[in-house]
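Structure, as structure tokens:
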Amino acid sequence: MIKNKLFYWMDKQKVSILEISKDTGLSRTTLTDLKFHRTARIDLRTLESLCQYFNITPGDFFEYKPKEK
């Protein structure tokens, strides 16, 4: 399973969805859905904006956990 780590980066840098939205122009709805893992995909422009905002790479933004058999 691949999950995003938006909540982790938000907590680490002590920022809110509202702050990220204001600074990046991304919608609060998009950010909320990402934070609570309610999306099956992410737009590359969104990913790029978040990577620039947090100064991370896409590899830092995602986490992979193999499914248990």
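Given the structure is predicted, the values throughout are model-derived calculations rather than measurements.
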Partner residues of Thr46 under the side-chain hydrogen bond (donor to acceptor under 3.5 Å, both in side chains) criterion, sequence neighbours left out: none

Contact summary for Cys51 and Pro58, nearest pair of heavy atoms: SG-N, 3.6 Å

Counterpart residues, salt bridge (Lys or Arg N to Asp or Glu O under 4.0 Å), relative to Lys67 (two or more places apart): none

Single-linkage hydrophobic cluster, 4.5 Å side-chain cutoff, Phe61 and Tyr64 together: yes

Residues which pass side chain to side chain contact (heavy atoms under 4.5 Å, CB included) with Glu63, listed by chain and number, not counting sequence neighbours: Lys5, Lys65

ILVMFWY cluster, Leu18 and Phe7 together (side-chain gap under 4.5 Å): no

Test side chain to side chain contact (heavy atoms under 4.5 Å, CB included) applied to Gln13 - qualifying residues, sequence neighbours left out: Trp9, Phe54

Leu47-Met1 co-clustered via ILVMFWY side chain contacts under 4.5 Å: no

pair Leu26-Leu50: side-chain heavy atoms closer than 4.5 Å: yes

Without placing hydrogens or testing angles, list every side-chain donor-acceptor pair under 3.5 Å for residues 29-38, not counting sequence neighbours.
from  : atom 1 : to    : atom 2 : distance (Å)
Thr30 : OG1    : Ser27 : OG     : 2.8
Thr32 : OG1    : Arg28 : O      : 2.8
Asp33 : OD1    : Arg38 : NE     : 3.4

Side chain to side chain contact (heavy atoms under 4.5 Å, CB included) against Asp23, all qualifying residues, sequence neighbours excluded: Tyr53

Set of side-chain hydrogen bond (donor to acceptor under 3.5 Å, both in side chains) partners for Thr39, sequence neighbours left out: none

Whether over 12 other heavy atoms sit under 6.0 Å from Leu44 CG: no

Heavy-atom pair of closest approach, residues Thr24 and Ser49: CG2-O, 4.3 Å

Crowding at CZ, Phe62 (>12 non-hydrogen neighbours, <6.0 Å): yes

Where at least one partner belongs to residues 8-22, residue pairs that pass salt bridge (charged side-chain N to carboxylate O under 4.0 Å, His left out), sequence neighbours excluded: Asp11-Lys14

For Asp43, side-chain hydrogen bond (donor to acceptor under 3.5 Å, both in side chains) partners two or more places apart: none

